[in-house]
Amino acid sequence: MTVKFTIDGRTVEVPEGLNIILAAKRAGIDIPHFCYHPYLSVAGNCRMCIVEIEKMPKPCIACGHIVQDGMVVHTNTDMVKKIRKGIMEFLLINHPLDCPICDQAGECKLQEYYMLYDCEESRFNEQKETKEKVIDLGSMIMLDRERCIACTRCVRFFEEFVGDAQLTLRHRSDHAEITTFNGKPLDSIYSSNIADTCPVGALTSKDFRFKCRVWFLKSDDSVCPGCARGCNIKIQHNDGVIYRIMPRMTPDINKFWMCDVGRLTYKRYQGNERLTKPLVLRGQRLEVTILEEAIEELLESLRKLAKDGSANVAGVASAELTSEDASAFKSFMGRVGADKVFLDQGKDTPGFEDDILIRADRNPNTAGLKKLGIEQPVDELDALISSGKVNVLFIAAGYRGKIEDIIKRHKDKLKLVTTFAYNESDLLEGSDVILPTLAWPELKGTFTNFERVTQEISPALAPKGDALSIKDIVSQLEAQMERKAIAVA
Amino acid sequence: MKELKQINTKDKLSQNHMMLNMGPAHPSMHGVIKLVLELDGETVINCDAEIGYLHRAFEKESERGTWTQVFPYTDRLNYVSPLINNVGYALAVEKLFDVEVTERCKYIRVLASEISRVCDHLTCVGASAMELGAFTAFLYMLQAREYFYELTEDLSGGRITPNYVRIGGLAHDLPENFKEKALDNIDKVAELISDVDKLLTKNRIFFDRMRGTGYIPKDMAVNMGFTGPCLRAAGVSYDVRKDQPYLIYDKLDFEIPIGVNSDNYDRYLVRMEEIEQSLNIIEQVLEKMPDGPINIDDPKICFPPKSQVYGSIEGLMHQFKLVYEGHHPPEGEVYHAVEGGNGELGFYIVSDGTGSPYRVRVRPPCFFMMQAIPRMLQGEMIADIVPTFGSINMIAGELDR
Amino acid sequence: MLAIVITKVILSMAVIFFVLNMAAILTWAERKQSALSMDRVGPNRASIGGIKLLGLMHIAADAIKMFSKEDFIPANAKTFYFYIAPIFAFAPVIFIFAVIPFGDVLIIGDMTIKLQIADLSFGILFIFAISSLSVYGVILAGWSSGNNYSFLGALRGCAQMISYEVTMGLSIIGIVIMYASLNLNDIVLRQGDMLLGFIPKWGIVLQPLGFILFFTAAIAESKRVPFDLPEGESELVAGYFTEYSSMKFGMFFLAEFAEIAVVAALVTTFFFGGWQVPFLGREGLDLPVIGAIHLPNLLVVLMQVGAFIIKIIFFCWLQLQIRWTLPRFRYDQLMKLGWKYLLPLSLVNIMISALIVHLVTTYR
């Protein structure tokens with residue numbers, strides 16, 4: 001069902017049940033608003049979205065009115081403009097002069113709307129109301145009460161999305177302030193979302209605080225690698241450094257939100273432990289080399305083992321791989337004679353799980369790998385190695401894989417271990433050849449989430465050092481094998 | 001009318017000719033530029049100008065920042081007359097916004113432009129003289145320029161990189177007692193210029209070196225896109241200030257000197273006369289300067305006063321938005337030209353409605369004159385390269401951008 | 001005999017000391033002079049133990065700099081000639097001073113000492129012979145540097161020096177005719193006479209045109225503005241010594257300034273009475289109205305040497321002032337001036353001089 005309504009002289013047809021803000025958006029008209037949020041209930045306390053509706057006696061808030069057939073809305077009349085100016089002036093009365101030290105500056109709705117709808121000089125000569133400024137709200141959030149405009153988005157978020165009302169608004173008018181019960185810290189893993197939803201700089205993320213001004217950030221779309229949910233996100237980075245991860249609106253998967261666990265996953269990709277050069281075990285030491293040489297030595301060892309006829313090859317793929325990498329890896333394993341590729345879900349799986357977003361499976365692509373036929377759990381490898389049925393391993397490693405422990409246990413039973421990895425880990429000790437790979441922020445590929453939705457990730461950062469994607473390394477390996485006509489099996 | 005010297009280029013590849021790389025590191029190649037010369041003894045058979053050593057990607061760089069952040073870069077175009085560049089860019093952006101600055105602002109902009117023009121001509125004439133060996137005349141000119149740099153400094157706080165003009169106005173108003181100081185300095189400059197005039201204009205050696213060298217026929221000058229003093233020395237009366245008056249040039253009383261012979265000496269004379277005219281304009285402007293605001297009354301264009309920025313959240317936000325996000329001119333493209341020290345200085349600007357320019361293209365006057373250099377030098381002697389090159393007044397900052 | 005050798009050695013030492021110091025001071029004077037005419041301060045920073053002496057310490061600073069800088073030889077240079085070129089540039093300048101009389105005779109006890117190192121009867125020829133040698137310095141330096149700028153500079157310098165040598169030589173013939181001698185001391189002595197009793201019979205009075213021609217040609221010989229084409233920095237970077245550094249450059253530098261002193265000394269000797277002071281004879285003053293005043297020989301000699309030095313300083317100053325006033329010629333203009341104007345004029349000068357001398361001697 002659709003309804004027809006007229007906005008600023010234009011007649012538009014929109015689906016039934018939308019409020020005026022959303023309907024206007026479809027008509028390409030932005031109605032300013034602070035407290036309204038499309039995934040939260042309507043509070044109607046900021047009054048910024050006021051519009052004039054014909055045949056209504058007074059101006060109305062656009063967030064609180066559902067468009068009806070034949071409705072005529074004006075968003076640009078003198079009265080609306082005047083009201084907006086008035087609202088802005090009221091909001092700014094007690095606002096501190098914090099822009100230079102505020103993380104929100106640059107994506108602050110107050111600044112935006114001031115330039116668009118106000119642009120008047122201050123008429124306020126009295127003393128500004130002062131409040132407490134640096135209030136620690138748990139591990140993720142910092143609160144500044146002076147900057148708060150009491151829109152209650154954060155309160156509603158906790159009530160409606162998390163289902164655990166940890167925040168509330170106390171006192172009235174100028175003295176209204178956001179608080180937790182008894183000053184208890186926030187303990188939800190979704191608390192960072194209130195920093196995103198806060199239209200001003202009152203709630204800021206501790207992780208991002210004072211790291212980078214937002215107008216320097218570049219944004220690239222991706223999918224969170226933190227769990228099997230596959231939340232859609234934006235990677236915000238500058239000069240090759242990721243500064244934060246923000247949720248991207250996807251109605252079917254994560255709506256507007258994501259969890260704190262996912263938000264912090266970026267840290268594992270930009271530590272000092274990233275591998276940038278191939279390493280080869282020579283004698284007792286791992287030596288840095290170039291990819292061509294590492295491949296050469298790997299194939300030489302493989303050839304020797306194949307001659308003996310003692311090579312029993314198996315592959316291990318982490319559930320963090322993109323489907324493309326996993327598929328390439330699997331077909332390569334076929335070429336070197338491994339009939340099975342085992343699935344490594346990592347030490348963190350299973351983690352805790354709730355029915356909001358986070359999943360116990362902390363891998364983004366388990367479903368994708370299973371679809372490719374990689375589903376035998378890596379635990380089964382333990383017995384195979386100890387019984388000597390596997391002595392040559394190819395590992396496409398992820399973050400903290402279970403294979404690390406297996407390798408540690410059976411170091412002496414393995415004749416050749418080749419690791420594709422992006423981070424230094426315990427695997428390094430047991431490996432003979434280590435080839436550096438790209439990690440999630442640098443990769444292009446697809447993840448399939450637990451609901452079997454396949455989504456694309458795109459590279460945000462440039463590759464580090466000599467790292468290549470598993471797909472590219474494997475294709476080089478295969479080319480080299482072809483040239484040398486090595487048949488392992 | 002004299003003929004361009006014709007050179008027999010048949011034996012171009014003859015082994016008897018000497019190749020000489022003049023520049024990029026050479027005392028008289030101002031900025032950095034290289035002339036590849038083919039010499040037959042002292043005579044230049046062929047010449048190839050190699051430009052681009054000072055390319056700083058001005059145009060590309062302009063697309064990165066906000067509209068206001070381009071101003072400091074324009075200072076570095078023709079760094080001898082930076083204020084004209086400031087004014088030219090500001091006028092182009094204002095044309096895009098379709099706004100007109102206040103009356104007082106117009107007067108101050110004209111004042112600033114003329115101060116810069118005098119600096120430019122003084123440097124050009126002085127440098128040419130120096131390169132002919134007349135070092136003293138050069139330093140006299142620099143002394144005169146110093147008086148005008150003082151005025152630039154009073155206006156803007158900077159001597160070479162003033163960054164004075166803003167979109168819709170100026171960074172700040174004239175300082176106190178500016179008029180008295182300016183008039184005083186004009187007198188001093190006029191005195192120095194008459195000294196140099198005595199030293200050079202009727203100096204036999206100077207005359208012989210300049211007269212007849214660097215000749216370019218009138219039609220060729222027009223075809224090659226000459227503007228400014230070099231075109232006027234060829235006898236074409238074209239001056240943006242007169243032909244497409246901007247700011248208040250149509251209300252001022254000044255004349256455009258033109259030459260007859262289109263050689264270095266005429267260019268020298270035209271520049272000397274233009275200095276006189278500019279001094280005259282400055283006096284007129286100072287006389288007629290009206291009171292009033294210097295910035296237009298539009299918060300979307302002009303920065304808030306600093307008292308508001310530091311004193312109220314409104315001012316602070318205003319400043320913040322204009323600084324990090326920039327102005328939002330309507331979509332479109334404009335070309336606006338002003339009369340720079342060397343000729344028509346044009347800014348062609350494309351806006352896509354965002355906070356930074358989509359494209360800023362500069363028409364640098366000396367770029368067009370540089371293409372005539374090989375033609376002007378063929379058949380001349382090595383020693384003529386210097387005054388000819390000097391009279392073109394190539395400024396590498398503007399040429400290579 | 002031994003006494004003569006000793007006096008000559010002492011005299012030579014004194015002259016070399018004078019010339020080198022003169023050259024050194026001229027480097028400072030040139031900068032101070034240019035600063036004065038350009039309305040600026042000039043060198044004033046170098047200080048030794050806090051003593052600045054109006055920037056005179058720059059001379060010492062320059063010397064230290066010249067000696068301590070890297071002596072760079074370009075890869076393309078012809079090393080041997082590259083080494084000897086500065087010597088050729090510098091040595092002739094010093095040699096010329098050998099025949100220039102600094103004063104009359106100094107009488108110590110029963111010894112009479114001529115204040116001139118070599119009293120040659122062919123003094124003028126010696127000067128031209130020696131000064132022509134310095135063209136080798138220029139051409140060797142330019143050619144051996146292996147640099148196009150140097151090469152062009154050397155060509156220009158060579159052509160210019162040879163061209164102007166002709167004028168210089170011819171313009172001096174007037175003087176030779178007038179004073180009937182090639183001996184410089186004789187010429188100076190004869191300039192002590194008076195015309196009409198009160199006008200000194202200096203070269204400038206008898207040979208005004210000769211003076212202008214000689215002075216012009218001499219400046220051209222010393223390659224200074226407006227004749228500095230061989231080293232015009234805006235065209236040829238530094239001309240024939242572009243590639244020179246350290247003390248080898250210092251030699252060219254010193255030679256240039258010593259040449260200023262040489263030109264001043266020659267002009268003084270030929271046209272301004274040399275060491276002559278008007279009305280000062282060997283015995284003392286001989287004023288027209290007051291009559292003779294006897295003065296001791298030492299005082300007379302001091303006055304003569306002093307007058308000579310003052311005249312030299314004046315002409316040095318004049319050259320510096322010209323340097324900082326005029327622009328530079330172009331090569332073809334320079335040649336035109338030399339061959340088409342100066343040369344015919346100097347020939348005319350010779351003829352007129354010869355005619356006058358002939359008439360005077362015939363119809364006295």
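Quick note on labels: first sequence line is chain A, next is B, and so on, each numbered from 1.
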Would you mind checking which part of [X] comes under 4.5 Å of any heavy atom in chain B, side chain (CB onward), backbone (N, CA, C, O), both or neither?
X        : result
A:Leu110 : both
A:Leu91  : neither
A:Glu120 : backbone
A:Pro96  : backbone

Is there side-chain contact between [X] and [Y], with heavy atoms separated by less than 4.5 Å?
X        : Y        : result
B:Leu322 : A:Met115 : yes
A:Glu121 : B:Ser312 : no
A:Cys108 : B:Phe320 : no
B:His318 : A:Tyr114 : yes
A:Gln111 : B:Tyr324 : yes
A:Trp215 : B:Glu325 : no

Evaluate whether atom [atom1] of [X] has more than 12 neighbouring non-hydrogen atoms of other residues, nucleotides or ligands under 6.0 angstrom away.
X        : atom1 : value
B:Glu100 : CD    : no
A:Arg170 : CZ    : yes
B:Asp297 : CG    : no
A:Lys218 : NZ    : yes
B:Glu176 : CD    : no
B:Lys288 : NZ    : yes
B:Tyr335 : OH    : yes
B:Arg56  : CZ    : yes

Measuring from atom [atom1] of [X] to atom [atom2] of [Y], what distance do you get when rounded to the nearest 0.5 angstrom?
X        : Y        : atom1 : atom2 : result
B:Glu314 : A:Leu97  : CD    : CG    : 9.0 Å
A:Ser122 : B:Leu316 : OG    : CG    : 11.5 Å
B:Ile313 : A:Cys99  : CD1   : SG    : 4.0 Å
A:Asp118 : B:Met317 : CG    : CE    : 9.5 Å

- Pick one of side chain, backbone, both or neither for B:Gln308, based on which atoms fall under 4.5 Å of a heavy atom in chain A. side chain
